[in-house]
Amino acid sequence: MSPALVQVRDLKMHFPIYTGLLRRRTGAVKAVDGVSFDIRAGETLGLVGESGCGKSTVGRALLRLYEPTAGSVVIGGEDIATLSPAALRAKRPMMQMVFQDPQASLNPRMTVQAIISEPLDEQSDWDRDRKQTRVLELMDQVGLNRRFANRYPHEFSGGQRQRIGIARALALSPKFIVCDEPIAALDVSIQAQVVNLLEDLQDNLGLTYLFISHDLSMVRHIADRVAVMYLGRIAELSPRDALYARPLHPYAEALLSAVPEPDPSREGARQRIILQGDVPSPANPPKGCNFCTRCPKVFDRCRVEKPDLVEVEPGRLVACHLYPAITHPSPDQPGGTQATKPTQQGEVQ
Amino acid sequence: MPDGAVPVLDVRGLKTVFRTRGGEVHAVNSVSFHLQPGELLGVVGESGSGKSVTMMSLIGLLPSPPAEVRAGEVLLDGRDLLKIGADELRDVRGAKIGFVFQDPMTSLNPVFTVGSQIMEPLTRHMGLTKAQARDRAAELLALVGIPDAKKRLKDYPHQFSGGMRQRVMIAIALACDPEVLIADEPTTALDVTIQAQIIELVKDLRQKLGMAIVWITHDLGVIAGIADRVMVMYGGQVVEQGPVRQLFSDPRHPYTRALLKTIPSLHGERAARLQAIEGQPPILNAAPVACPFRARCAHAHDRCQTENPQRRAVDGLAVGQGHDVACHWSPGGAA
């Protein structure tokens with residue numbers, strides 16, 4: 001089993017709310033409120049959840065595109081969250097990001113060549129020719145025709161633009177890539193092209209992915225393990241097959257049951273768990289378990305005590321009072337989640 | 001679908017063209033379909049396949065110029081909507097045909113209360129007084145599952161969540177008891193758990209009110225769960241149409257077949273590699289003279305390059321009545 005490349009511990013990202021004439025700080029949106037997990041070298045961790053659950057914020061805070069409020073993010077042995085700006089800049093080449101909207105994340109006034117070589121301009125002292133060679137090599141790698149190097153982003157389709165974004169992310173030979181909804185803006189028939197490309201690149205280059213998505217079917221396809229987030233916290237983190245076969249956390253169960261499937265006979269017979277109401281505001285999350293306002297299995301304890309994310313079955317972590325922690329985790333069991341065990345600390349508000 | 005029943009909506013040979021500086025875009029090419037009373041027709045297709053433009057053309061919601069409905073008939077209760085005047089069409093919209101759009105954030109007016117927006121069609125089309133309209137608006141809000149309906153009439157759209165706003169949109173669309181409800185990607189902007197709520201609501205309303213529904217989506221999963229019949233669009237044309245179970249169990253068009261294979265499944269076998277549909281959707285800058293899917297089709301042959309296939313029945317029923325496909329190729333032998 002590979003060691004953890006990324007170790008996230010009790011990561012918090014609170015955005016302040018200022019109100020009134022004096023713009024006094026009156027509260028905070030707790031977008032991410034104590035999240036811990038590991039990503040092993042070479043694996044794909046899927047991060048799923050609904051809009052506003054904090055999944056993209058986790059991805060951005062991980063690469064320190066936001067300054068995290070608290071917690072640590074150790075990538076390749078160094079804590080990204082506390083690095084000095086100069087040290088962080090030196091660290092950037094190993095961690096990159098692919099964004100959701102290829103339309104918005106590519107500068108319309110730059111050619112493909114300029115976009116892909118920008119990271120090289122910033123981080124390397126290569127000469128023109130060497131950079132040019134690298135750009136063309138990257139274009140081959142992501143399946144873009146070399147002849148289009150001098151074209152502008154608007155001349156490409158959505159799927160091709162996403163390939164440009166991927167080539168840019170690969171330019172500095174990173175080890176770890178955060179893919180933030182990389183296929184959400186693409187048509188169904190194009191999604192598979194991009195996912196296949198991401199998988200090929202992972203195999204060829206030994207990449208490690210955090211794959212953020214709301215598409216649970218696609219995450220089942222691409223991820224090795226999956227973390228389900230709800231309102232700024234991880235509800236369940238399980239190996240892919242275990243999660244999809246038998247979700248443990250009531251939210252994970254409801255989320256999976258809500259996904260419609262392209263099979264009329266199956267759809268007709270399906271028992272769907274319809275959650276009542278809406279997701280509460282992350283500025284004012286409920287006391288106790290953050291899912292207690294909508295949980296079909298809620299009981300008294302849930303409303304007063306926040307459940308910790310603990311290992312409840314070998315390799316499966318769940319934050320729910322229905323599942324007690326297993327008491328004797330052997331240090332060498334498969335799944336290797338010992339490191340992520342003592343995690344979300346209960347917080348009384 | 002009972003054979004020979006009079007359809008509430010009958011669309012024949014609809015053609016819509018956009019005139020742009022770069023030339024004409026043939027967005028909808030000879031689209032024909034009909035809708036039986038109480039039926040739910042699912043329309044699937046990717047962006048640019050013409051599904052939304054088709055529906056907008058029906059009721060004159062496209063800005064002209066640049067749009068131009070060039071040919072076709074849209075029969076509602078025997079009247080051709082493409083031939084009637086703007087005022088008359090305005091009465092049809094809202095009163096006879098209700099519309100729910102994709103984005104509940106932008107389709108409600110932020111400066112009017114939700115109540116006044118539901119009351120507007122009631123006073124305009126149904127001739128209700130303000131007090132009557134207010135009572136009916138409260139009833140409608142309760143019908144779409146908004147708690148404390150009477151009080152919430154005074155709230156503004158921003159005070160509702162996305163799912164609740166979509167419920168408000170549905171209430172407005174249903175205000176005048178329309179015969180036809182056209183829902184254009186009504187759950188695409190919503191989260192899956194909220195989408196499940198809205199789908200349950202529509203299923204429930206259909207049983208209570210019995211209107212016919214056209215549900216446009218790109219999500220084959222949503223369609224599988226709610227539609228009676230499905231129409232698949234590609235490149236501005238209907239490429240396949242049929243009863244939902246037949247279409248999913250025995251898809252005939254190479255595009256439909258590829259589309260169903262490209263989606264990873266939530267249960268069952270997990271493929272090592274996704275089957276991608278290579279290539280890009282067509283650019284519709286000329287009237288079609290060949291099959292729009294030919295460049296991406298595994299079964300394309302010479303005829304596909306020169307002749308745009310017409311819809312033909314695959315189960316012996318007339319085109320539009322049973323299962324039909326617009327393709328020169330058929331599984332297990334040439335057509």
Side-chain angles (χ1 to χ4, degrees), chain A residues 48-53 143 156-160 185-200 214-222 230 240-241 244-245 251 254-268 270 272-281 294, chain B residues 44-49 147 160-164 187 189-197 199-201 217-227 230 234 243-249 255 258-268 270-281 296:
Chain A
V48 300
E50 301 180 273
S51 34
C53 74
F156 294 86
S157 66
Q160 287 172 317
L186 306 177
D187 268 319
V188 181
S189 78
I190 308 297
Q191 290 184 351
Q193 295 177 5
V194 172
V195 167
N196 284 343
L197 172 66
L198 287 171
E199 289 188 315
D200 290 345
H214 66 274
D215 183 339
L216 288 142
S217 325
M218 200 53 96
V219 167
R220 175 175 183 239
H221 177 79
I222 199 170
Y230 183 80
R240 174 233 308 148
D241 290 339
Y244 284 84
Y251 175 67
L255 189 65
L256 279 169
S257 97
V259 180
E261 277 189 276
D263 181 352
S265 44
R266 199 179 183 117
E267 280 296 300
R270 234 163 125 192
R272 190 154 270 155
I273 303 165
I274 305 280
L275 290 179
Q276 299 304 313
D278 290 302
V279 184
S281 159
R294 301 171 82 199
Chain B
V44 284
E46 301 177 63
S47 31
S49 64
F160 290 77
S161 66
M164 285 293 167
T187 59
L190 307 175
D191 280 315
V192 278
T193 61
I194 307 297
Q195 167 172 284
Q197 292 176 359
I199 289 174
E200 285 306 305
L201 170 70
T217 181
H218 65 276
D219 188 332
L220 288 162
V222 170
I223 282 296
I226 55 167
V230 182
Y234 187 83
V244 64
R245 277 172 188 260
Q246 229 167 310
L247 194 122
F248 278 86
S249 63
Y255 173 64
L259 202 55
L260 283 167
K261 276 193 202 137
T262 195
I263 308 169
S265 76
L266 199 60
H267 297 99
R270 186 180 154 273
R273 196 176 168 80
L274 292 176
Q275 295 199 25
I277 309 178
E278 297 303 333
Q280 308 290 333
R296 306 173 78 186

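Quick note: numbers below take in every heavy atom, side chains included, and nothing from hydrogens, waters or symmetry partners. Convention: sequence-line order gives letters A, B, ...; per-chain numbering from 1.
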A:Ala258 versus B:Thr193, closest heavy-atom pair with distance = CB-CA, 4.0 Å

Interface moiety of A:Ile273 toward chain B, non-hydrogen atoms closer than 4.5 Å | neither

Distance (rounded to the nearest 0.5 Å) between A:Glu50 CD and B:Leu190 CG = 10.0 Å

Interatomic distance, CG@A:Leu255 vs CG@B:Asp191, rounded to 0.5 Å, equals 8.5 Å

List the atom of B:Gln197, the atom of A:Ile274, and the distance in Å for their closest heavy-atom pair.
-> CG-CG2, 3.8 Å

Rounded to the nearest 0.5 Å, what separation is found between the CG atom of B:Leu274 and the CE atom of A:Met218?
-> 5.0 Å

Please state whether the side chain, the backbone, both or neither of A:Gln276 comes within less than 4.5 Å of a heavy atom of chain B.
-> backbone

Does a side-chain heavy-atom distance below 4.5 Å link B:His267 with A:Asp263?
-> no

Heavy-atom contact with chain B under 4.5 Å, split by part of A:Arg272 | side chain

Toward chain A, the part of B:Gln275 with a non-hydrogen atom under 4.5 Å = backbone

In terms of heavy-atom pairs under 4.5 Å, which option from B:Ser265, B:Ala272, B:Gly163, B:Ala271 contacts chain A the most?
-> B:Ser265

Checked B:Arg245, B:Met164, B:Glu278 vs chain A; the most non-hydrogen pairs under 4.5 Å come from B:Arg245

Nearest heavy-atom approach of A:Ser217 to B:Pro264 is CB-O, 3.2 Å

Given that the side chain runs from C-beta out, which part of B:Ala258 has a heavy atom under 4.5 Å from chain A: side chain, backbone, both or neither?
-> neither

For A:Glu199, is it the side chain, the backbone, both, or neither that has a heavy atom closer than 4.5 Å to a heavy atom of chain B?
-> side chain

Backbone N or O of A:Arg220 within a donor-acceptor pair of the B:Arg270 side chain at under 3.5 Å?
-> yes

Under 4.5 Å between any side-chain heavy atoms of A:His214 and B:Val192, yes or no?
-> no

Straight-line distance of B:Tyr255 OH to A:Ser189 OG, nearest 0.5 Å | 5.5 Å

B:Leu260 versus A:Pro262, closest heavy-atom pair with distance | CD2-CB, 4.3 Å

Name the region of A:Asp200, side chain, backbone, both or neither, that has any atom closer than 4.5 Å to a heavy atom of chain B.
-> side chain

Heavy-atom distances under 4.5 Å only: say whether A:Val195 touches chain B with side chain, backbone, both or neither.
-> side chain

Heavy-atom pair count under 4.5 Å with chain A, highest-scoring of B:Pro147, B:Ala196, B:Gly162 = B:Ala196

Sidechain-backbone polar pair: A:Gln193 side chain, B:Gly279 backbone, donor-acceptor under 3.5 Å | yes

Measure B:Ile223 against the heavy atoms of chain A and call it side chain, backbone, both or neither at under 4.5 Å.
-> neither

Heavy-atom side-chain contact between B:Gln280 and A:Ile190 under 4.5 Å | yes

Chain A contact via B:Glu200 - side chain, backbone, both or neither, heavy atoms under 4.5 Å = side chain

Side-chain donor or acceptor of A:Asn196 paired with backbone N/O of B:Arg273 under 3.5 Å | no

In short, B:Gln195 meets A:Pro260 closest at the heavy-atom pair NE2-CG, 3.2 Å

